[in-house]
Amino acid sequence: MKLLLAVLVVAMLGIGALWAQTDGFTALTTEAARRADIARHPRALPDAALLTRSGERVSLEDDLRNDGRVAVVNFMYTRCFSICLAMGGEFQQLQEAIRQRGLADRVRIVSLSFDPADTPGDLSRYAARMRADPGIWQFAAMADADQRRALLDAFGIVVVPAPLGQYEHNAAYHVVTPEGRLARIVDIGDAAGLLDDVSARVTGERAAR
């Protein structure tokens with residue numbers, strides 16, 4: 001009898017842990033559960049000092065609030081020739097879609113470099129290569145190491161130094177409100193879904209998907 005009770009207790013604890021990790025059995029991975037929780041309860045982001053491509057120093061919190069637009073944020077570095085370029089190509093499409101839908105006064109794109117070696121000049125050259133419209137797509141580096149680490153953690157971005165000065169890192173698109181809250185995470189390769197989401201947020205229309 002004691003053995004049966006012990007087995008039941010262990011089983012119940014296991015079910016409880018699985019329920020917590022899968023967001024009530026609705027998500028198959030902890031990352032999916034994290035994203036679902038963020039979508040329901042947007043998370044406040046830590047502030048960080050940013051260095052823009054014009055050399056201006058601003059705080060992330062002030063920049064988001066003063067700009068007033070919903071921001072689609074990604075993390076990159078200018079010497080990256082793999083996943084960062086893939087995101088850049090999708091951001092070019094998103095930039096054009098924002099322009100065509102007349103959303104430029106309500107939605108913008110922000111690319112943040114996690115590479116401490118990136119200078120304002122590097123960001124400017126990268127923006128030129130991406131044909132970024134400065135009115136829609138802005139770039140900045142994160143100047144303070146501790147703040148950079150805290151911000152990457154808050155977004156769920158893992159950056160690992162690699163040989164030849166490169167970095168291994170994961171990637172996604174992040175929808176951030178002017179109040180500094182992370183509201184949704186979208187995988188790369190889903191630019192259409194990303195545009196539907198931000199369009200719905202700023203127009204009040206139901207997302208198409």
Side-chain angles (χ1 to χ4, degrees), residues 34-76 84-114 120 123-124 126-142 147 151-152 154-157 171-209:
R34 186 179 78 94
R35 293 185 181 194
D37 185 61
I38 287 171
R40 284 196 304 273
H41 307 291
R43 296 182 183 178
L45 293 168
D47 198 10
L50 304 180
L51 180 62
T52 72
R53 63 169 165 151
S54 66
E56 182 184 9
R57 292 183 181 274
V58 298
S59 81
L60 174 63
E61 182 179 315
D62 288 346
D63 183 65
L64 290 168
R65 183 179 59 249
N66 294 337
D67 184 271
R69 290 179 286 182
V70 169
V72 179
V73 177
N74 78 329
F75 292 87
M76 40 67 71
C84 302
L85 285 182
M87 286 191 291
E90 290 198 334
F91 267 179
Q92 288 175 337
Q93 298 172 31
L94 181 62
Q95 175 180 254
E96 183 59 27
I98 290 171
R99 197 181 282 132
Q100 290 181 355
R101 292 196 187 189
L103 298 174
D105 60 338
R106 286 167 286 178
V107 180
R108 65 170 171 152
I109 300 168
V110 178
S111 290
L112 296 178
S113 170
F114 51 73
L123 296 175
S124 291
Y126 189 84
R129 288 203 305 273
M130 291 292 108
R131 299 190 297 278
D133 178 343
I136 298 176
W137 188 358
Q138 285 114 39
F139 294 78
M142 296 175 282
Q147 293 178 349
L151 195 62
L152 290 172
F155 277 93
I157 298 297
Y173 303 125
H174 308 84
V175 179
V176 177
T177 71
E179 295 77 28
R181 289 186 173 274
L182 174 58
R184 191 174 174 203
I185 302 173
V186 177
D187 283 324
I188 62 172
D190 189 16
L194 176 63
L195 180 62
D196 285 345
D197 181 87
V198 295
S199 178
R201 287 177 190 279
V202 300
T203 64
E205 297 173 354
R206 186 181 177 82
R209 44 182 288 179

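Along the sequence shown, the residues carry numbers beginning at 1. For the numbers below, each heavy atom of this structure counts, side chains included, while hydrogens, waters and symmetry mates do not.
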- Verify side-chain contact (heavy atoms from CB on, under 4.5 Å) between Asn66 and Val58, making sure each step is shown before the conclusion. CA-CA 11 Å; Asn66 294 337; Val58 298; over 6 Å; no
Validation row: [X], [Y] side chains within 4.5 angstrom (heavy atoms):
X	Y	value
Ile185	Phe155	no
Thr52	Gln138	no
Tyr173	Asp190	no
Thr203	Arg106	yes
Gln147	Met142	no
Leu151	Ile157	no
Tyr126	Ser111	no
Asp37	Arg43	yes

Give the minimum heavy-atom separation between [X] and [Y], together with the two atoms involved.
X	Y	value
Gly156	Arg34	CA-NH2, 3.8 Å
His174	Leu182	CB-CD1, 3.7 Å
Arg129	Gln92	O-NE2, 4.1 Å
Leu64	Gly180	CD1-CA, 3.7 Å
Ala172	Asn74	O-CB, 3.9 Å
Gly68	Pro178	O-CG, 3.3 Å

- Task: Show your working on side-chain contact (heavy atoms from CB on, under 4.5 Å) between Val198 and Arg69 and close with a plain yes or no.
- Result: CA-CA 10 Å; Val198 295; Arg69 290 179 286 182; over 6 Å; no
- Would you check if the side chain of Gln95 reaches a backbone N or O of Arg131 as a donor-acceptor pair within less than 3.5 Å? yes
- Item | Verdict with supporting geometry, Met130 and Leu85, side-chain contact (heavy atoms from CB on, under 4.5 Å) | CA-CA 9 Å; Met130 291 292 108; Leu85 285 182; 3.7 Å; yes
Euclidean distance, [Y] [atom2] relative to [X] [atom1], rounded to 0.5 Å:
X	Y	atom1	atom2	result
Leu94	Arg99	CG	CZ	11.0 Å
Leu45	Leu60	CG	CG	7.0 Å
Asp133	Glu96	CG	CD	9.5 Å

- Task: Indicate whether any N or O donor in one side chain lies under 3.5 Å from an N or O acceptor in the other, for Thr177 and Glu179.
- Result: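 Judged by distance alone, the side chains do pair up.
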- Query: Can you list the residues that meet the side-chain contact (heavy atoms from CB on, under 4.5 Å) rule with Ala104, with sequence neighbours excluded?
  - Reply: Ile98, Ile136
- Message: side-chain contact (heavy atoms from CB on, under 4.5 Å), that's the test. Do Phe139 and Ser113 meet it? Break it down for me.
- Response: CA-CA 8 Å; Phe139 294 78; Ser113 170; over 6 Å; no
- Message: Other residues, nucleotides and ligands only: do more than 12 of their heavy atoms fall within 6.0 Å of CZ on Arg65?
- Response: yes
